[in-house]
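Chain letters run A, B, ... following the sequence lines, proteins first, then strands; residues in each count from 1.
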Amino acid sequence: MQFRKNNRLLLKKDFDCVFENPKRTKDSNFTVLYKKNSKNYPRLGLIISKKNCKLASKRNRLKRIIRESFRNNISKLKGHDIVVLNKHTTYNNDTLVLIKSLMRHWIRISKEK
RNA sequence: AGAGUUGGCCUUGCAAUCGCUGGUGAUACUUAUCACGAGAGGAAAGUCCGGGCUCCUUCGGAAAAAGUGCCAGGUAACACCUGGAGGGUGCGAACCCAUGGAUAGUGCAGCAGAAAAUAUACCGCCUAAGUACUCAAGUAACGGUAAGGUUGAAAUGGUGCGGUAAGAGCGCACCGCAUAAAUGGUAACAUUUAUGGCUAGGAAAACCCCACUUGGAGCAAGACCAAAUAGAGAAGUGCCUGAUUAAUUUCAGAUCGUCGAUUCCGAGCGAACUUCUGGGUAGGUUGCAUGAGAUAGUUGGUGACAACUAUCCUAGAUGAAUGAUUGUACUCGACAGAACCCGGCUUACGGCCAACUCUUUCU
RNA sequence: GCCCCGGUAGCUCAGUUGGAUAGAGCACAAAAUUCCUAAUUUUGGGGUCAGAGGUUCGAAUCCUCUUCGGGGCA
């Protein structure tokens with residue numbers, strides 16, 4: 001249930017690695033890219049663009065929601081590197097809607113195994 | 001009750017569980033675990049001003065450039081704040097003002113209008129004196145005049161009386177303007193008196209003048225540790241000219257470079273060779289939170305604020321920490337997220353309290 | 001975080017310093033030309049000068065604030 005620096009994508013290399021031939025799932029709120037890694041824990045990268053969400057406080061809110069959802073489902077996602085991108089309407093939605101949307105993504109990824 | 005003005009304060013509270021980032025302590029031993037305690041704002045925003053801090057040769061002078069602009073005070077400083085003066089807005093509480101100089105100089109004002117800054121004379125008014133026509137009455141401008149009219153944003157003091165041929169600061173009274181003096185005030189300025197008699201229009205947010213201020217760049221500053229690869233720094237010896245000395249010993253001067261990112265000058269530093277030390281891009285560490293600090297009290301001051309005393313330590317990330325869930329209470333939670341740090345200004349926005357003003361109704 | 005530019009017609013830009021007519025090219029519409037179209041010629045429409053406030057008789061232009069867009073510094 002822990003979420004530490006190990007579980008994050010920090011370097012540009014790691015991001016580039018995911019962007020080469022990723023698998024992807026989409027809906028109206030998020031685009032999720034993912035790829036198998038060689039480790040036995042998952043890693044999360046966030047790309048919340050300033051163009052799609054202008055206010056800093058709203059960007060922070062999105063990041064927190066995504067991280068919290070990731071943390072709660074960390075056991076399902078072992079062995080994947082995951083990158084989440086936002087859409088330009090995402091920040092208008094309620095927290096519950098976003099969490100449900102994220103759950104659908106996590107389930108799809110865990111089925112891929 | 002409604003409408004409004006000013007000032008101050010707050011920015012959901014409490015409990016539980018699971019997480020995130022620093023700190024302290026312990027255990028393992030350098031990265032984990034456990035315990036304790038801490039963790040966004042009034043605007044953290046815009047980056048519009050002013051500082052601290054750091055580097056640039058933290059030196060001096062001149063010009064240029066930029067900024068500020070009633071007076072006094074506050075402050076580290078300011079384009080900020082406080083108090084006052086003058087002007088303006090509002091019935092009022094109150095609020096607003098880039099508010100020095102147009103008599104240093106240059107330039108500007110389309111169209112309209114006679115005339116737009118050395119005033120002038122289109123329509124007008126007058127015919128007293130003098131002149132022309134005429135016997136005279138009268139007519140007239142090549143004479144006098146600027147009261148009235150027209151234009152325009154703006155027309156060269158205003159009103160009234162006297163005066164006159166008609167008029168005119170031509171004379172007088174009041175207002176206004178200018179100058180001088182006196183009084184009050186630290187001052188801005190105000191009041192009074194005397195004198196002058198239109199000369200003094202607008203615009204300085206056009207150039208400009210006067211007074212005051214300002215060196216430049218910015219934490220992606222800068223410092224340290226450090227692969228590859230190319231540069232640097234320190235010490236010693238020496239120089240082109242002249243003088244001097246036992247001596248390349250000492251002194252003076254010239255030339256070139258540097259004086260960064262407005263330019264120039266001065267001062268300072270440097271110039272060639274040898275030896276030694278090494279060197280800093282990716283990355284990391286640091287800068288980095290004890291400060292023009294906060295809270296409370298006392299004193300001084302109209303106030304901004306200052307002084308003193310006591311107590312306290314209160315975010316520090318770096319793909320960037322503050323969240324989620326549950327319960328509960330209410331007024332049902334707006335604007336919004338620190339990134340070197342402060343003081344302001346501006347903009348966004350939810351509420352509470354106090355004082356005051358106006359209107360209406362009732363007593 | 002710090003620094004610096006820009007916003008004018010559907011599009012690309014002048015005009016801003018130095019204040020008094022908002023202009024050019026392309027595009028659009030109409031007419032002429034042609035058997036028809038293109039090209040050409042002529043004519044026309046289209047502008048809160050990013051927004052608000054101030055200075056001024058008068059502001060796209062000067063001053064202040066806001067807003068949107070873009071760029072640089074590793």
According to the Watson-Crick and G-U wobble definitions, with both distances under 3.5 Å, which nucleotide is paired to [N]?
N       : result
B:rG92  : none
B:rG4   : B:rC356
B:rC14  : B:rG327
B:rA35  : B:rU24
B:rA190 : B:rU183
B:rU75  : none
B:rA85  : B:rU99
B:rU275 : B:rA234

Rounded [atom1] spacing from [N] to [M] in Å:
N       : M       : atom1 : value
B:rG215 : B:rA261 : C1'   : 12 Å
B:rA168 : B:rC161 : P     : 12 Å
B:rC81  : B:rA112 : P     : 50 Å
B:rU47  : B:rC313 : C1'   : 31 Å
B:rA336 : B:rU311 : C1'   : 35 Å
B:rA178 : B:rC198 : C1'   : 10 Å
B:rG238 : B:rC273 : C1'   : 7 Å
B:rC276 : B:rC259 : C1'   : 31 Å

For A:Arg24, salt bridge (charged side-chain N to carboxylate O under 4.0 Å, His left out) partners two or more places apart: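 Salt bridge (charged side-chain N to carboxylate O under 4.0 Å, His left out) check on A:Arg24 returns nothing, list empty.
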
Looking at residues at least two apart in the chain, or sitting in another chain, which of them share a salt bridge (charged side-chain N to carboxylate O under 4.0 Å, His left out) with A:Lys23?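 In terms of salt bridge (charged side-chain N to carboxylate O under 4.0 Å, His left out), with neighbours along the sequence ignored, A:Lys23 is linked to A:Glu112.
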
Decide side-chain contact (heavy atoms from CB on, under 4.5 Å) for A:Lys111 and A:Arg108; before the verdict, give the C-alpha distance in whole Å, the side-chain angles of both, and the deciding distance to 0.1 Å. CA-CA 5 Å; A:Lys111 279 180 184 170; A:Arg108 263 181 238 168; 5.9 Å; no

Enter the distance from [X]:[atom1] to [Y]:[atom2] here, rounded to the nearest 0.5 Å.
X        : Y        : atom1 : atom2 : result
A:His105 : A:Thr25  : NE2   : OG1   : 4.5 Å
A:Ser69  : A:Ile66  : OG    : CD1   : 8.5 Å
A:Leu102 : A:Ile107 : CG    : CD1   : 11.0 Å
A:Leu44  : A:Arg67  : CG    : CZ    : 8.0 Å

Please list all pairs meeting salt bridge (charged side-chain N to carboxylate O under 4.0 Å, His left out) that have one or both residues in residues 89-104 of chain A, counting only residues at least two apart or in different chains.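 Salt bridge (charged side-chain N to carboxylate O under 4.0 Å, His left out) check on residues 89-104 of chain A returns A:Asp27-A:Arg104.
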
Have a look at [N] and give me syn or anti from its glycosidic angle (syn if within 90° of zero).
N       : answer
C:rU37  : anti
B:rA200 : syn
C:rG54  : anti
B:rG231 : syn
B:rA289 : syn

Separation of atom CG in A:Asn73 from atom C1' in B:rG19, rounded to whole Å: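 One finds 14 Å between C1' of B:rG19 and CG of A:Asn73, rounded.
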
Any protein N or O atoms within reach of nucleotides 46-48 of chain B? Criterion: under 3.5 Å, listing atom names and distances.
none

Extract from the structure each pairing of a protein N or O with an N or O of nucleotides 321-325 of chain B at less than 3.5 Å, listing the distance.
unit_1  : atom_1 : unit_2  : atom_2 : d
B:rU322 : OP2    : A:Arg64 : NE     : 2.9
B:rU322 : OP2    : A:Arg64 : NH2    : 3.2

Test side-chain contact (heavy atoms from CB on, under 4.5 Å) on A:Ile82 and A:Trp106; report intermediate values, then the result. CA-CA 10 Å; A:Ile82 297 168; A:Trp106 305 145; 4.1 Å; yes

Could I get the full list of side-chain contact (heavy atoms from CB on, under 4.5 Å) partners for A:Ile99, not counting sequence neighbours?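 For A:Ile99 the side-chain contact (heavy atoms from CB on, under 4.5 Å) partners, ignoring immediate neighbours, are A:Ile65, A:Thr95.
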
Name all residues meeting the side-chain hydrogen bond (donor to acceptor under 3.5 Å, both in side chains) criterion together with A:Arg59; count only those two or more places apart in sequence or in a different chain, and write none if there are none.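 Testing A:Arg59 for side-chain hydrogen bond (donor to acceptor under 3.5 Å, both in side chains), a comparison that skips the adjacent residues, returns none.
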
Identify all side-chain donor-acceptor contacts of residues 28-35 of chain A below 3.5 Å with residues at least two apart in sequence or on another chain.
unit_1  : atom_1 : unit_2  : atom_2 : d
A:Asn29 : OD1    : A:Asn93 : ND2    : 2.6
A:Lys35 : NZ     : A:Cys17 : O      : 3.0
A:Lys35 : NZ     : A:Glu20 : O      : 2.9

Strand RNA chain C in bracket notation, Watson-Crick/G-U under 3.5 Å with | for pairs to another chain: (((((((..((((.........)))).(((((.......))))).....(((((.......)))))))))))).

Below 4.0 angstrom from OP1 or OP2 of B:rG337, is there any side-chain N or O of A:Ser57?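 Yes.
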
Same cluster (ILVMFWY, side-chain, under 4.5 Å), A:Met103 and A:Ile74: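 The answer is yes; both residues are in one hydrophobic cluster.
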
